[in-house]
Amino acid sequence: MSDFKERIATELTAVRNRSLAYTDTEDDLLLRQHSPLMSPLVWDLAHVGNYEELWVLREAGGITPLRPEIDDLYDAFKHPRANRPSLPMLGPVEARHYIEGVRGRVLDVLDSIDLHGPDPLHRDGFVFGLVIQHEHQHDETMLATLQLSKEPGLVRDGVLPPGRVTGEEEVFVPSGSFLMGTDIQPWAYDNERPAYRIHLPGYWIDRFPVGNGAYAAFIEDGGYDDPHWWAPEGWRWRQESHATAPLFWTREGGTWWRTRFGRTEPVPMEEPVQHVCWYEADAYARWAGRRLPTEAEWEKACGWDAAAGRARTYPWGDDVPRPDRANLGHRAARPAPLGAFPAGASPYGAEQMIGDVWEWTDSVFLPYPGFRSFPYREYSEVFFGKDYRVLRGGSWAADPAAVRTTFRNWDHPIRRQIFSGFRCARSASPEEV
C-alpha cells in the first residue's frame, strides 16, 4: 500500500475510534432521544457505516450491497431527526457489527483502487475524504447530543494553554480582491468550488471571537430585553423562545453558571462564547455598534496571503494544525481562552479563526458562480437559500481533517445546540482607508 493510501487508512481508523468512543456507553443512552433536535446516538453510528457502504463500496468499489434493506432507515433526507426514534433501527451490538463489516471491505477497496485515475470519486482519494469528513461531522453531532443529554462522565476533558488578550482588539483588512473558494483542495466539498475572484472594500474584523465576558456585558445591559438591537425575525424568536442568555447558561447569586457535559461550573469569562444562535450574534453586534462579517470577509481575513497572491489552507499556512496553533479534534471539551494561539494568527493578525467555536457570518448559504453538484445534490444544493446562515472556522469538536479556510458550514439561524460563536466586523471609514 502506498504512503498516501496508508495516510488514508490511518485517518479512517482515527475517525472510527472516535465514533466508537462517543458511543461506548449504556444501550439505553444510545437508544434514547435526548432532544428532538438530534438523532439517537445509535442512529448516527449505523448511519456513518451505511454512508460508507453507499459511497465507497457501492459507488466507488462496485460491490454488491451488504444491507440494502436498511438504506431507507439511514437516509437523512427521508426521516427528520425528531422521527428517527420510531424507526426499526439497528441496536447497538448490531450497529457495531455492521459498521465493522463495512470497514473491512472499505480497506480492501482502498488497497485495490487507483487514486490517480480519471474517475472523480477515485482521484486523490476523494471518496475516502468524503466519508472521513462525513463521519467526523457526525462525531461532532454526537458531542452536541451528549451535551444535550446532561449526563456526566461521558465526555473526556483536557488541558488547554492559557490565554492573552493584550494588543489590538481588531485587525484591518485592506481593500482589494482575493480568490474565494478553492480549485486545488482535493477533499473540498462542492459548495467550496469553484474558486472565484471577489473585491472587498477595506474593513475591520475582531482579532478574537467575542468572549463570554463581553457577551455577559450585553446581557447585563438589557440586550435581551431591548428590541432595538434585534432584527424583527430575531425579536420574534427571542419572545417565542424566552431566551435570556446563551444555551446552558443560568444565573445564581450574581454569578453566571453553565452546564457542560453534565457538570455545572462558573462561566469562564475569558473563553469565546458558544451555544448562541445567529439572531443572538446579530443582536450583540448591533449593540456593540458593529455587524457580523460576511463569509467573504471572514475567509479573506482568515487565509488570504496578499503578499503571495494565494490562499492558505489554514490561517498560518499550509502545514497541518499543531497544538500551538488551534484547538481542534476534541483536545478539550471546551473552547480555549482568548489569545491562546498566537502562532495560529492569520496574515492580517486575526486569531482563533480555526477551532474553538464555529463562527456565524452575515451570509445566507448560496452557491458560488459556476457551482456544480458533486457527488450528489443533497450535500449542498438542496440547502441553498435564505433559510440557512453560513458558519465558518470549525469548533473545538471539529477534526483537523474536516476544517480549512474555505470550509463552509450552515444551519438555521435559531440553532444553539451546535458549538457556535462569532466575531464582529465593521466597514472602514474613508479616513481609515
Side-chain angles (χ1 to χ4, degrees), residues 136-137 139-141 143-144 146-148 155 157-158 160-161 163 165 205-216 218 245-249 256 258-261 267-285 288 290 292-293 295 298-299 301-302 314-315 321 325-341 344-346 350-363 389-400 402-405 407-425:
H136 275 304
Q137 288 165 317
D139 288 342
E140 185 167 359
T141 299
L143 280 170
L146 289 165
Q147 165 70 353
L148 286 163
V155 175
D157 209 347
L160 292 167
V165 290
I205 192 167
D206 286 350
R207 183 179 172 195
F208 304 113
V210 170
N212 287 325
Y215 198 86
F218 165 64
L247 190 61
F248 307 116
W249 282 32
W256 283 108
R258 71 178 180 189
T259 301
R260 183 172 62 90
F261 296 107
V267 171
M269 294 300 168
E270 72 281 3
E271 284 183 10
V273 66
Q274 68 172 347
H275 296 304
V276 291
C277 72
W278 186 89
Y279 292 131
E280 290 168 294
D282 179 63
Y284 173 94
R290 313 289 292 287
L292 296 179
E295 66 165 324
W298 191 98
E299 185 172 320
C302 181
Y314 306 102
R325 287 173 170 165
N327 179 22
L328 290 164
H330 188 175
R331 175 179 176 178
R334 63 192 189 279
L338 299 173
F341 303 107
S346 80
E351 299 183 28
Q352 290 171 272
M353 297 199 81
I354 294 288
D356 291 307
V357 290
W358 288 103
E359 297 185 20
W360 289 108
T361 71
D362 191 53
S363 299
R389 295 283 178 169
V390 175
L391 302 103
R392 291 301 200 102
S395 74
W396 59 266
D399 189 84
V403 294
R404 50 195 163 265
T405 58
F407 188 94
R408 305 172 78 195
N409 191 6
W410 65 93
D411 213 328
H412 293 289
I414 63 172
R415 291 291 183 250
R416 306 204 294 166
Q417 84 279 9
I418 58 178
F419 304 110
S420 52
F422 64 100
R423 72 180 70 212
C424 296

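Note that the coordinates shown come from a computational prediction; the quantities given were computed from them, not determined experimentally. These numbers come from the heavy atoms of this one structure, side chains and all, not from hydrogens, waters or symmetry mates.
Under the 30°/60° scheme for interplanar angles, the aromatic rings of W256 and W249 are found to be tilted. Between F419 and F261, the angle of the ring planes lies from 30° to 60°, which puts this pair in the tilted group. In this structure, W358 and F407 have tilted ring planes: the angle between them lies in the 30° to 60° band.
Each of F422, F218, Y215 was checked for a side chain to side chain contact (heavy atoms under 4.5 Å, CB included) with E280, and the lone residue meeting it is Y215. Applying side chain to side chain contact (heavy atoms under 4.5 Å, CB included) to Y284 and the options V273, V276, V210 leaves one that passes, V210.
Taking CD of E359 as the start and CD of E295 as the end, the distance is 13.0 Å to the nearest 0.5 Å. Here T259 contributes atom OG1 and L148 contributes atom CG; the two are 11.5 Å apart, rounded to the nearest 0.5 Å. To the nearest 0.5 Å, the span separating SG on C424 from CZ on R290 amounts to 5.5 Å.
Side-chain N or O atoms of N327 include one that pairs as donor or acceptor with a backbone N or O of R334 at under 3.5 Å. Looking only at distances, a side-chain donor or acceptor of R389 sits under 3.5 Å from a matching main-chain atom of D362. A distance-only check finds a donor-acceptor pair linking the side chain of T361 to the backbone of V390 [under 3.5 Å]. Side-chain atoms of E270 do not come within 3.5 Å of backbone N or O of G211 as any donor-acceptor pair. The backbone N or O of A333 lies less than 3.5 Å from a partner atom in the side chain of R260, making a donor-acceptor pair. A distance-only check finds no donor-acceptor pair linking the side chain of H330 to the backbone of W396 [under 3.5 Å]. No side-chain donor-acceptor contact under 3.5 Å links Q274 to the backbone of N212. When atom types are taken as modelled, the side chain of D356 and the backbone of A336 share a donor-acceptor pair closer than 3.5 angstrom. Remark: side-chain polar atoms of Q417 are not paired, donor with acceptor, to backbone N or O of T141 under 3.5 angstrom. With T405 contributing its side chain and C302 its backbone, the two residues share no donor-acceptor pair below 3.5 Å.
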### Task
Determine, stepwise, if the pair D139 / D399 fulfils side-chain contact (heavy atoms from CB on, under 4.5 Å).
CA-CA 9 Å; D139 288 342; D399 189 84; over 6 Å; no
### Task
Start with the C-alpha gap between E140 and S395, add the side-chain angles, then the distance that decides, and say whether side chain to side chain donor-acceptor pair (under 3.5 Å) holds.
CA-CA 9 Å; E140 185 167 359; S395 74; 2.6 Å; yes
### Task
Could you walk me through whether R207 and E351 pass the salt bridge (charged side-chain N to carboxylate O under 4.0 Å, His left out) test, one step at a time?
CA-CA 6 Å; R207 183 179 172 195; E351 299 183 28; 3.1 Å; yes
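Considering only heavy atoms from C-beta on, H275 comes within 4.5 Å of Q147 through its side chain. Side-chain atoms of M353 and W298, non-hydrogen and from C-beta on, do get closer than 4.5 Å to each other. Residues I418 and D411 are in side-chain contact: their nearest non-hydrogen atoms beyond the backbone lie under 4.5 Å apart.
Listed here is the closest heavy atom pair of I205 and A301: CG2-CB, 3.9 Å. Contact detail for W360 and R415: the closest heavy-atom pair is CZ2-O, 3.6 Å. The shortest non-hydrogen separation linking R331 to P161 is NH2-CD, 3.5 Å. Heavy atoms only, all atoms of each residue included: P315 and I354 are closest at CD-CG1, 3.3 Å. In this structure, Q352 and F341 approach most closely via the heavy-atom pair CG-CD1, 3.9 Å. Between P209 and L338, the shortest heavy-atom contact is O-CD2, 3.5 Å.
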